[in-house]
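Counting starts at 1 for both ligands and their atoms, following the listed order. Keep in mind the model is a prediction, meaning the values are calculated, not measured.
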Amino acid sequence: KVSAAAQNEDCKSRRIIPSFPEVLTVLAMWCRRLGWLFRAPSQPRGSTRHVSPWLPHARRTIPAAPAQCHHTAPESLKCAWQLHGDHLELRYANTLMRFDFVWLRDHCRSASCYNAKTNQRSLDTASVDLAIKPKAVRVDETTLFLTWPDGHVTRYGLEWLVKNSYEGQKQQVMHPRILWNADIYRQAQVPSVDCRSFLETDEGLKEFLRNFLLYGIAFVENVAPTKEDTEILAERISLIRETIYGRMWYFTSDFSRGDTAYTKLALDRHTDTTYFQEPCGIQVFHCLKHEGTGGRTLLVDGFYAAEQVLRQAPDQFELLSKVPLKHEYVENVGDCHNHMIGVGPVLNVYPWNNELYLIRYNNYDRAVINTVPYDVVHRWYAAHRTLTAELRRPENELWVKLKPGKALFIDNWRVLHGREAFTGYRQLCGCYLTRDDVLNTARLLGLQA
Ligand SMILES: C[N+](C)(C)CCCC[C@H](N)C(=O)O
Ligand SMILES: O=C(O)CCC(=O)C(=O)O
Ligand SMILES: [Fe+2]
């Protein structure tokens with residue numbers, strides 16, 4: 001065993017033989033002196049109870065001076081692994097990962113398990129023995145090899161594992177963002193994209209989407225002030241989400257619908273369609289006309305405010321992310337009869353990394369709270385107050401006057417909007433977009449979304 005290990009010059013992959021500590025010590029010395037690394041045989045250990053420790057002293061035997069191991073990868077790319085009774089432990093690229101055996105079988109990328117053309121699994125997961133365990137494990141510079149009891153061999157690129165492991169995911173964000181208050185947003189001087197470049201070049205579209213994903217808002221300039229031209233913009237990045245308001249909508253203060261949006265009243269910051277099970281992902285606004293005063297648009301980064309709550313009062317943040325609420329839209333005006341109910345917490349986070357992905361905040365449309373008992377209700381009101389105070393800080397408010405020609409895209413899962421009361425005739429057009437399709441376009445352009 002020892003000589004086989006000593007002959008192996010592979011510096012990236014090592015397995016320690018725990019039952020021979022004295023051999024280890026000697027090997028460790030060799031290692032330090034000669035820059036050799038060693039590896040145990042690939043067979044899993046017979047005993048699953050007696051698991052060897054990671055032997056940190058042996059890890060430290062990796063030659064510190066690069067000169068001694070210059071033919072190998074840097075320290076961060078060395079791989080060490082250990083088979084436990086119910087999982088495989090793997091250390092690579094500074095990440096300690098733990099893999100369930102069924103997971104390792106299930107994600108096999110061999111031709112019989114996975115269709116690389118369609119990127120679909122062909123393996124029937126339900127046919128995998130839940131007590132499966134690899135018969136043999138081997139690692140070389142780039143790849144983990146697992147042999148299963150039936151002889152099937154699974155290979156995983158070590159880089160692939162880091163990227164796709166739970167531990168690797170946990171260190172990453174799904175959606176890179178720049179959280180902002182008014183100062184941060186203004187100082188960033190995010191450019192508006194020109195309509196022609198947006199419509200006619202991939203660079204223009206990509207630039208727009210990059211800013212939209214980072215800040216949750218983005219503007220297109222020099223748009224012809226019509227509903228049809230606004231529709232062409234929307235269709236450039238997504239499918240239009242048709243709702244009870246129609247596909248492309250116009251609205252003025254004509255009381256045509258049972259909602260205060262159709263008045264001249266001020267509207268406090270909110271997100272739209274909180275009363276849908278899946279609130280609309282993106283809202284497009286294009287002001288076609290305003291002859292009068294007031295009517296400025298208010299924008300507030302909901303995630304920036306939520307982040308402040310997390311810092312000040314993590315328990316309140318948690319409550320806002322756990323307590324389910326209903327929002328409701330009841331309309332009986334003219335021929336419009338609608339009753340919508342959406343359920344979900346105010347703050348929605350990915351459970352594995354606590355990253356926010358959706359804020360549902362609309363005090364106008366919030367329904368009766370009857371999903372939690374009274375004591376939780378009281379704590380929820382306190383948490384809601386903290387969040388509202390953050391959302392209402394004047395320094396978090398970005399005020400813009402929408403003008404004909406300038407279309408605004410708002411991430412309705414992140415950025416709240418509102419408006420100042422106004423006088424005179426004001427006409428806005430716009431639409432909602434399906435979020436999946438906006439993100440799809442962004443990913444196809446090479447953006448992380
Ligand atoms: C945008 N448009 C005027 C069509 C609809 C407005 C919907 C307003 C509703 N209170 C909500 O927040 O969802
Ligand atoms: O009138 C506005 O500027 C926005 C109104 C509003 O909140 C909406 O239509 O969703
Ligand atoms: Fe709104």
Side-chain contact, heavy-atom cut-off 4.5 Å: [X] with [Y]?
X: Asp411; Y: Tyr215; value: no
X: Glu89; Y: Phe99; value: no
X: Leu298; Y: Glu397; value: yes

Does a donor on one side chain and an acceptor on the other come within less than 3.5 Å for [X] and [Y]?
X: Asn363; Y: Arg366; value: yes
X: Asn370; Y: Lys326; value: yes
X: Gln316; Y: Thr386; value: yes

Enumerate the atoms of ligand 2 whose separation from the nearest heavy atom of [X] is less than 4.0 angstrom.
X: Leu428; answer: 2 (C), 3 (O)
X: Phe285; answer: 4 (C), 8 (C), 9 (O), 10 (O)
X: Gln283; answer: 10 (O)
X: Asp272; answer: 8 (C), 10 (O)
X: Leu267; answer: 5 (C), 6 (C), 7 (O)
X: Arg426; answer: 1 (O), 2 (C), 3 (O)

For atom 11 (C) of ligand 1, which candidate among Tyr275, Phe251, Tyr364 holds the nearest heavy atom?
Tyr275

Taking the Fe ion (ligand 3) as the apex, His270 NE2 and His417 NE2 span an angle, rounded to 10°, of 90°

For Ile237, which of Val284, Leu433, Ile282 qualifies under side chain to side chain contact (heavy atoms under 4.5 Å, CB included)?
Leu433

Name the residue from Val220, Thr441, Leu205 that meets the side chain to side chain contact (heavy atoms under 4.5 Å, CB included) definition with Arg236.
Leu205

Specify which N/O/S atom of Asp272 comes nearest to the Fe ion (ligand 3), by atom name.
OD1

Would you call the rings of [X] and [Y] parallel, tilted or perpendicular, where under 30° means parallel and over 60° means perpendicular?
X: Phe422; Y: His290; result: perpendicular
X: Phe409; Y: Phe198; result: tilted
X: Tyr245; Y: Tyr329; result: perpendicular
X: Trp249; Y: Tyr432; result: perpendicular

Checking a contact table here: which protein heavy atom is nearest [atom], and how many Å away?
atom: atom 5 (C) of ligand 1; result: Tyr432 OH, 3.6 Å
atom: atom 7 (C) of ligand 1; result: Tyr245 OH, 3.4 Å
atom: atom 9 (O) of ligand 2; result: Phe251 CZ, 3.2 Å
atom: atom 1 (O) of ligand 2; result: Arg419 NH1, 2.7 Å
atom: atom 9 (C) of ligand 1; result: Asp259 OD2, 3.1 Å

Quick one: does ligand 1 sit under 4.0 Å from the side chain of [X], the backbone, both or neither, non-hydrogen atoms only?
X: Tyr329; value: neither
X: Thr274; value: neither
X: Asp272; value: both
X: Asp365; value: side chain
X: Gln283; value: side chain
X: Tyr250; value: neither

Atoms of ligand 1, numbered as shown, that sit under 4.0 Å from any heavy atom of [X]:
X: Tyr262; answer: 2 (N), 3 (C), 4 (C)
X: Thr273; answer: 11 (C), 12 (O), 13 (O)
X: His270; answer: 12 (O)

Return yes or no for this condition: an N or O of Tyr432 is under 3.5 Å from an N or O of ligand 2.
no

Ligand 2 and His270, any nitrogen or oxygen pair closer than 3.5 angstrom?
yes

Main-chain N/O of His337 paired to Glu331 side chain as donor or acceptor, under 3.5 Å:
no

Check whether NZ of the Lys or CZ of the Arg Arg91 lies under 6.0 Å from the centre of the six-membered ring of Trp81 and within 45 degrees of that ring's axis.
no

Report the C-alpha separation of Lys133 and Asp86 in whole Å, then their side-chain angles, then the decisive distance to 0.1 Å, and conclude whether the salt bridge (charged side-chain N to carboxylate O under 4.0 Å, His left out) test is met.
CA-CA 8 Å; Lys133 197 176 170 180; Asp86 64 350; over 6 Å; no

